[in-house]
S.K.: 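Following this message is one structure expressed as structure tokens.
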Protein chains: 2
Amino acid sequence: MDQVPRRASLAHGALFTNLDEGTAEILLDAATLRQFAAGATLFHQGDAPSQLFQVSSGSVRLTRVNPEGEQTTLRFMGAGDLVGCVAVFRRFPFPATATATEPTAALCWSAVQILDLMRRHPAISANALDTVGDRAREMVDRLAEMTDKGTEARVASVLLRLVGQVGRNGPKGVEIASPATRKDVSEMTGVSYFTVSRILGGWQRQGLVRLGRARIVVLDPGRLAQIAA
Amino acid sequence: MDQVPRRASLAHGALFTNLDEGTAEILLDAATLRQFAAGATLFHQGDAPSQLFQVSSGSVRLTRVNPEGEQTTLRFMGAGDLVGCVAVFRRFPFPATATATEPTAALCWSAVQILDLMRRHPAISANALDTVGDRAREMVDRLAEMTDKGTEARVASVLLRLVGQVGRNGPKGVEIASPATRKDVSEMTGVSYFTVSRILGGWQRQGLVRLGRARIVVLDPGRLAQIAA
DNA sequence: CGACTCGTTGAGACAACTCAATGGGTGTGG
DNA sequence: CCACACCCATTGAGTTGTCTCAACGAGTCG
């Protein structure tokens with residue numbers, strides 16, 4: 001409802017966990033709150049990592065272009081997530097492009113600024129390490145999934161992960177908030193577009209999900225988890 | 001040649017990069033050098049992360065058991081690599097089991113010790129962050145590979161990665177030092193055992209690799225890189 | 001009312017998987 | 001030192017799940 005959110009409501013998310021008030025204050029003062037329209041890009045794959053973002057509201061899609069020029073969706077990020085953290089902390093070019101999928105607000109630090117703050121405040125460093133560690137772990141899990149699960153199980157896993165990352169509770173189930181097309185799911189699972197469509201169609205007939213245009217509502221997470229296993 | 005390597009030769013690898021001498025000294029003093037026989041395990045999947053390892057010599061295989069009980073190889077680690085870093089820094093159970101594939105020596109810190117050192121020495125923290133960041137990045141790359149490359153390309157990529165991680169220069173090519181079986185390659189690529197055997201057989205006929213029992217020598221990395229692309 | 005994007009469905013092809021049988025190394029124990 | 005068991009690898013034949021290609025349907029936007 002507030003167009004300009006109150007300060008206090010911003011001092012949450014990955015970088016702020018377990019900070020004492022003073023440090024949180026300093027961190028927040030250094031940040032700029034930027035607004036992005038749906039479709040606006042936060043940064044491009046290959047860019048030098050000049051800024052770090054933490055999503056306050058809305059959601060962001062991370063995509064990557066392979067050498068053959070095909071685009072693939074890596075993941076979505078929602079409120080509290082750090083976008084571009086690995087690249088900024090490691091001073092590597094961004095390995096992906098970040099795009100807002102809906103009107104999105106993000107706290108924003110310049111790379112030099114955040115690196116400096118980290119040097120001065122070990123607690124911030126610790127949060128950074130935790131976040132990057134989480135990301136590494138998620139990727140290991142996803143990698144393992146790719147090799148030892150079948151297509152249906154992978155689609156189920158991705159749906160559940162999306163629910164966790166950008167899910168929004170609705171009357172009868174959890175809706176995936178970001179406009180997630182079949183193509184996105186296809187790219188995140190390594191399953192072809194058409195097969196995803198068929199699998200989701202089947203699940204809708206069984207009442208596990210409800211489908212719409214660029215819209216997926218998960219009705220029965222339990223059953224999905226079973227399929228994912 | 002030295003059975004007991006000299007101190008100086010140990011103060012290298014992931015955690016020691018860019019440390020001033022004093023800090024390196026402290027870090028090294030806190031470490032224990034442990035020897036592992038081929039087949040010995042450094043830690044088990046699911047264990048509490050009580051120790052951090054940095055490989056000094058030899059090599060280590062990281063494997064993971066999925067819910068169905070099948071074992072899959074995640075990756076190999078060679079000299080200078082930090083084993084178990086994500087788990088230790090994040091205080092998560094180890095997500096994989098680490099086994100020495102040949103006689104291996106590793107520097108070894110207790111979790112509380114290394115976390116304490118990191119708190120006291122930001123430079124060590126920074127190295128930790130860099131290492132975890134690298135790992136995250138590698139995983140993202142591998143994930144992308146899985147979704148947008150075909151089987152041959154994936155096998156080629158994994159071979160090249162193995163060369164980089166545990167390769168050893170020989171007279172006519174680079175040998176993959178760890179006993180890497182077809183099964184290992186199969187699990188790292190998500191390609192069936194038999195298909196891997198056929199692909200490698202084909203490459204041997206073309207002179208790209210030379211094969212032996214649990215042994216792969218890469219003769220023509222350039223051509224492999226081409227196939228991987 | 002087009003033009004566009006997103007989604008569904010069907011039919012056919014083919015690459016990779018499964019299953020089964022065989023062949024060599026390696027190491028161990030009598 | 002031989003014989004046996006075990007592990008790793010190869011190869012063939014048959015099957016199938018997934019991809020490809022093509023056509024159509026439906027919602028959305030200007």
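Scope of the values below: all heavy atoms of this structure, side chains included, with no hydrogens, waters or symmetry mates. Below, chain A is the first sequence line, B the second, and so on; all start at residue 1.
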S.K.: Which residue pairs pass the salt bridge (Lys or Arg N to Asp or Glu O under 4.0 Å) test when at least one of the two sits in residues 37-54 of chain B, sequence neighbours left out?
M.R.: none

S.K.: Just call it for G202(B): base, sugar-phosphate, or nothing, with non-hydrogen atoms closer than 4.0 Å on any strand.
M.R.: nothing

S.K.: Distance check, rounded to the nearest 0.5 Å: I199(B) atom CD1 versus Q204(B) atom CD?
M.R.: 14.5 Å

S.K.: Which residue pairs satisfy the side chain to side chain donor-acceptor pair (under 3.5 Å) criterion with at least one member in residues 184-196 of chain A, sequence neighbours excluded?
M.R.: R61(A)-D184(A), T73(A)-D184(A), T73(A)-E187(A), T181(A)-D184(A), K183(A)-E187(A), S192(A)-T195(A)

S.K.: Quick one: M146(B) CE to dA16(C) P, roughly how many Å, whole number?
M.R.: 13 Å

S.K.: Return a single string for nucleotides 2-9 of chain C, one symbol per nucleotide in 5' to 3' order, where B is base contact, S is sugar-phosphate-only contact and - is none, cutoff 4.0 angstrom on heavy atoms.
M.R.: ---BSBBB

S.K.: Indicate yes or no: at least one non-hydrogen side-chain atom of L107(B) is less than 4.5 angstrom from one of L15(B).
M.R.: no

S.K.: From the 5' end of DNA chain D to its 3' end, which nucleotides mark the outer limits of contact with chain A, defined by a 4.0 Å heavy-atom distance cut-off (strictly under)?
M.R.: dT18(D) to dT28(D)

S.K.: Are the side chains of W203(A) and R223(A) in contact, using a 4.5 Å heavy-atom criterion?
M.R.: no

S.K.: Taking 4.0 angstrom as the limit, do E145(A) and R154(A) come out as a salt bridge?
M.R.: no

S.K.: So do I227(B) and L208(B) actually touch side chain to side chain, heavy atoms under 4.5 Å?
M.R.: yes

S.K.: Shortest non-hydrogen contact from L33(A) to S56(A)?
M.R.: CD1-OG, 3.8 Å

S.K.: Sequence neighbours excluded and cut-off under 3.5 Å, please list the side-chain donor-acceptor pairs for residues 91-102 of chain B, or say none.
M.R.:
from: R91(B); atom 1: NH2; to: F89(B); atom 2: O; distance (Å): 3.3
from: T97(B); atom 1: OG1; to: Q45(B); atom 2: N; distance (Å): 2.9
from: T101(B); atom 1: OG1; to: S59(B); atom 2: O; distance (Å): 3.3
from: T101(B); atom 1: OG1; to: S59(B); atom 2: OG; distance (Å): 2.7
from: T101(B); atom 1: OG1; to: S178(B); atom 2: OG; distance (Å): 2.9
from: E102(B); atom 1: OE2; to: S59(B); atom 2: N; distance (Å): 3.4
from: E102(B); atom 1: OE2; to: S59(B); atom 2: OG; distance (Å): 3.0

S.K.: Angle between the end axes of the helix from dC1(C)-dG30(D) to dG30(C)-dC1(D), five pairs per end, to the nearest 10 degrees?
M.R.: 40°

S.K.: For R137(B), is there an ion pair with D130(B) - N to carboxylate O distance below 4.0 angstrom?
M.R.: no

